[in-house]
Amino acid sequence: MPTAVLERPTVETTKDAANHPVTKITNATAEATDQRSKKFVPDMVFFEPGALEYPLGKELYARYEQEGIPIKMTTSHNQVRGIPGETDTEQYRNAKRTLVVGVRKTMKFEQSKPSAEYAIPLATGCAAHCHYCYLNTNVGTKPYIRVYVNTDEILAQAQKYIKEREPEITRFEAACTSDPIGIEHITGNLKRTIEFMGEQPLGRLRFVTKFHHVDSLLDAKHNKHTRFRFSMNADYVIKNFEPGTSTFEQRIEAAEKVARAGYPLGFILAPLYWFEGWQEGYTDLLERLSSKLSDEAKSDLTFELIQHRFTKIAKSLILARYPKTKLEMNEEERKYKWGKYGKGKYVYPDLKAHALKAHMEKEIQRLFPMARIEYFT
Ligand code: SF4
């Protein structure tokens, strides 16, 4: 049950010299620690009629009705109309405070390289405001938070994928389109999925979070089939670019709890970002991680390293939504990396990418000699 409301940032829209709207978000970038620690409660909830045919859909309807949160119906979770806001930016911010409860119809799981074979679709969207988040473009026009109530059907589909790949192990990533811990108090779907994978000899689950609300998962029967990862970063990045998420201290405390509960633990250090003093910043991050984690937590640890990247579309959306961001996205200082379907992105030029990689690898080996670095990308 939700316990508190993440305070809504104050949005003030003015015009610049060229008469373009400029939005000032007064408290989003200066998230206070206490705000960061609260669980998300929506301002408004939409339901697809079909969702009410499932026990979880009925339960959520009754919960929000009882809490007095405005409820509306929508014909499809993909086309929600009526989110208030006079400007695009206002609508965007209100959408991130809107929950949509629907039925997942597409049962074709996307691929999720390099960390897993498939993305398991438990939810889409996130209430936090990380400036660099790829959801800015991935869910572009639909930033509201969609949760799905037909969990059994989604898990049955996962079982089919596992069967197809026998005798290989099949890994599922649950954080491709949302932060699953950020909404776990709403649906409990992650715990169901963890326990489902716990029973699958050839099924594995992994996800990553920037939230510390892990208590409901500590007694899940995971059977060590779920790798619980936390997204960590240097102070500079957390403070400047990750409003609405849990603090470093909260995440590390949660990581310790998760390790004590016997989960294999991992850290995704992303985005690795080039800022003045980045070497000291990342060394400090790893030293703090090392000093706070027990030997037991360090005994089965993975690191995934992802350098900062952006596309042209992402850049324009980020600048429209977070106009005061300090996020550096200068194409001239980047290398263009071609991707699938001719769509590329801007990454760091080789010299910088190699320096980031070398520094991180050296420090991880120094501080976590037993850990495995899964990839740098
Ligand atoms: Fe995106 Fe994760 Fe930040 Fe949510 S917590 S906005 S999913 S990067």
Side-chain angles (χ1 to χ4, degrees), residues 6 8-9 25 28-29 31 33 35-42 89 92-100 110 112 115 119-147 173-187 189-190 206-214 228-248 250-252 254-255 266-273 304-311 313-315 317-318 320-322 325-327 329 345 377:
L6 250 175
R8 184 201 293 231
I25 300 156
T29 48
E31 285 283 346
T33 300
Q35 282 182 3
R36 282 178 174 249
S37 65
K38 292 173 182 170
K39 288 181 182 170
F40 165 64
V41 176
T89 312
Y92 169 74
R93 301 199 78 87
N94 288 334
K96 274 195 164 256
R97 308 227 20 104
T98 301
L99 180 70
V100 180
E110 299 290 329
S112 177
S115 75
I120 186 162
L122 300 179
T124 310
C126 176
H129 280 275
C130 304
H131 297 183
Y132 55 74
C133 179
Y134 61 77
L135 293 183
N136 273 319
T137 39
N138 275 28
V139 296
T141 54
K142 299 169 199 145
Y144 44 81
I145 296 147
R146 281 164 275 176
V147 295
E173 170 67 63
C176 284
T177 51
S178 73
D179 186 310
I181 300 284
I183 45 177
E184 177 61 3
H185 60 289
I186 295 174
T187 65
N189 271 346
L190 189 58
R206 37 207 291 134
F207 56 85
V208 59
T209 184
K210 287 186 171 72
F211 291 95
H212 70 288
H213 308 296
V214 300
F228 209 128
R229 291 122 88 220
F230 287 84
S231 169
M232 289 292 189
N233 220 311
D235 258 351
Y236 178 89
V237 175
I238 294 182
K239 288 199 176 125
N240 285 299
F241 308 131
E242 298 185 356
T245 62
S246 299
T247 62
F248 174 89
Q250 289 171 327
R251 293 182 215 176
I252 193 69
F267 293 106
I268 299 194
L269 306 185
L272 292 174
Y273 184 74
E304 292 155 81
L305 308 175
I306 306 174
Q307 62 169 309
H308 179 243
R309 70 243 355 252
F310 64 92
T311 62
I313 295 173
K315 178 177 172 176
L317 285 169
I318 291 165
R321 289 166 180 173
Y322 308 103
T325 187
K326 286 185 182 175
L327 195 64
M329 292 174 288
K345 54 198 150 202
T377 180

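Computed from a predicted structure; not experimentally measured. First listed ligand is number 1; within each ligand, the first listed atom is number 1.
Taking the ring axis of Phe230 as reference, the NZ or CZ atom of Arg251 does not stay both within 45° of it and closer than 6.0 Å to the ring centre.
Under the 4.0 Å criterion applied to side-chain N and carboxylate O atoms, Glu184 and Lys39 are not assigned as salt-bridge partners.
Checking side-chain atoms of Thr209 against main-chain N and O of Ser231 turns up no donor-acceptor pair under 3.5 Å.
Not a single N/O/S atom of Cys126, whether from backbone or side chain, sits less than 2.8 Å from atom 1 (Fe) of ligand 1.
Of the protein's non-hydrogen atoms, Lys210 NZ, 4.1 Å is the one closest to atom 2 (Fe) of ligand 1. With respect to atom 1 (Fe) of ligand 1, the closest heavy atom belonging to the protein is Cys133 SG, 2.3 Å. With respect to atom 3 (Fe) of ligand 1, the closest heavy atom belonging to the protein is Cys130 SG, 2.3 Å.
The local environment of NZ in Lys315 is crowded, with over 12 non-hydrogen atoms from other residues, nucleotides or ligands closer than 6.0 Å.
For ligand 1, the atoms closer than 4.0 angstrom to any heavy atom of Leu135 are 7 (S).
Using cut-offs of 30° and 60° for the angle between ring planes, the Tyr322 and His131 rings count as parallel.
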